[in-house]
Amino acid sequence: NDNYGGDFLPRLQTSLDNYFQLSAKFSLDAEVILVEWNNPIGAVEFQDALNWDHVTIPVRIIHVPGEIHDSLPGSENGPLFFGYGCNVGIRRANGRFVLTSTADIIHSLDMISFISKTTLDNDCFYAAVRHDIDDYGEVVQVRDGEPYLGLHMDACGDFTLMSRERWLEIRGYPEVP
């Protein structure tokens, strides 16, 4: 909740509303876990900053205070550790499968349909390539600060789906600052 990338809360709201709508459309048995990691002093918490009028599935918000972040090696290098944050959610998830995703991802109709209608394999790892949208609504990838029109292969954290059992077996994401 540090306004990463600008307009963070509106992007998160759009992502959540999309997920709630598609989850309802396909009767997806799911929950949403938001990990609020090291909220900046004075930042409004997700519970109060977001509109919850369109919730269709359970939502849990897990707060990881700055004291925890500050106690970790490398905490002086940045306010957020992606791997640690994902692992907090993975370890607390109730589902048989766990999808980790960044806060501003829009899942497609086809993606949620696939997840809801497919018998997922406990021994498979599912990932998806992301597409970025620029300020003009055009699909574009950015690599090293420059527009890039090829496949975007550097965003595995934006959509990673695996059985909870396998997540726990590999101990989640590497916890490296």
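Basis for what follows: all heavy atoms, side chains included, without hydrogens, waters or symmetry-related copies. Positions are given from 1, in the same order as the sequence printed here. Bear in mind the structure is a predicted one, so any value in this text is a computation, not a measurement.
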For this session: With rounding to the nearest 0.5 Å, note down the distance linking CG in L99 to CZ in F97.
Result: 12.0 Å
Exercise. More than 12 heavy atoms of other residues, nucleotides or ligands under 6.0 Å from CZ of R171: is that the case?
Worked result: no
Exercise. For the side chain of T118 and the backbone of I115, is there at least one donor-acceptor N/O pair under 3.5 Å apart?
Worked result: no
Exercise. Is there a side-chain contact between L120 and F114 (heavy atoms, below 4.5 Å)?
Worked result: yes
For this session: For the residue pair L109 and L22, establish whether any side-chain heavy-atom pair is separated by less than 4.5 Å.
Result: yes
Exercise. Looking at L168, I170, D123, which hits side chain to side chain contact (heavy atoms under 4.5 Å, CB included) with M162?
Worked result: I170
Problem set entry | Nearest-0.5 Å distance, CZ of residue F82 to CD of residue E175 | 12.5 Å
For this session: Output yes when a side-chain donor or acceptor of E36 lies under 3.5 Å from a complementary backbone atom of F46, and no otherwise.
Result: yes
Exercise. Would V44 and L9 count as a side chain to side chain contact (heavy atoms under 4.5 Å, CB included) if you check the C-alpha gap in whole Å, the side-chain angles of each, and the deciding distance to 0.1 Å?
Worked result: CA-CA 10 Å; V44 179; L9 288 172; 5.7 Å; no
Problem set entry | Closest contact, heavy atoms only, G89 versus V35 | N-CG2, 3.8 Å
Problem set entry | Whether over 12 other heavy atoms sit under 6.0 Å from Q21 CD | no
For this session: Apply side chain to side chain contact (heavy atoms under 4.5 Å, CB included) to the pair N39 and E45, showing each step before the final yes or no.
Result: CA-CA 8 Å; N39 234 11; E45 293 185 355; 3.7 Å; yes
Exercise. Nearest heavy-atom pair of I57 and V55: which atoms, and what distance?
Worked result: O-CG1, 3.0 Å
Exercise. What distance do N18 atom CG and S108 atom OG have between them, rounded to the nearest 0.5 Å?
Worked result: 8.5 Å
Exercise. Is there a donor-acceptor pair under 3.5 Å between the side chain of S15 and the backbone N or O of I105?
Worked result: yes
For this session: Please determine which of D53, V32, L28 meets the side chain to side chain contact (heavy atoms under 4.5 Å, CB included) test together with F20.
Result: V32
For this session: List the atom of T56, the atom of A24, and the distance in Å for their closest heavy-atom pair.
Result: CG2-CB, 3.8 Å
For this session: Measure the spacing between CG of L50 and CG of D17 and express it to the nearest 0.5 Å.
Result: 9.0 Å
Problem set entry | Interatomic distance, F26 atom CZ to I112 atom CD1 [nearest 0.5 angstrom] | 8.5 Å
Problem set entry | is_close_aromatic(Y173, W167), centroid dist under 6.0 Å | yes
Problem set entry | CD1 on I106 to OH on Y19, rounded to 0.5 Å | 12.5 Å
For this session: Determine whether N94 and R60 make a side-chain contact, defined as any pair of heavy atoms from C-beta on separated by less than 4.5 Å.
Result: yes
Exercise. Does some side-chain heavy atom of F8 sit less than 4.5 Å from a side-chain heavy atom of D104?
Worked result: no
Exercise. Parallel, tilted or perpendicular: which fits the ring planes of W37 and H69, with parallel below 30° and perpendicular above 60°?
Worked result: perpendicular
For this session: Begin with the C-alpha distance, continue with both residues' side-chain angles, and end with the deciding distance and a verdict on side chain to side chain contact (heavy atoms under 4.5 Å, CB included) for L12 and L34.
Result: CA-CA 10 Å; L12 173 58; L34 294 173; 4.2 Å; yes
For this session: Looking only at non-hydrogen atoms, find the nearest pair between N87 and G172 and report the distance.
Result: OD1-CA, 3.3 Å
For this session: Tell me, yes or no, whether the heavy-atom count around D29 atom CG, taken from other residues, nucleotides or ligands under 6.0 Å, exceeds 12.
Result: no
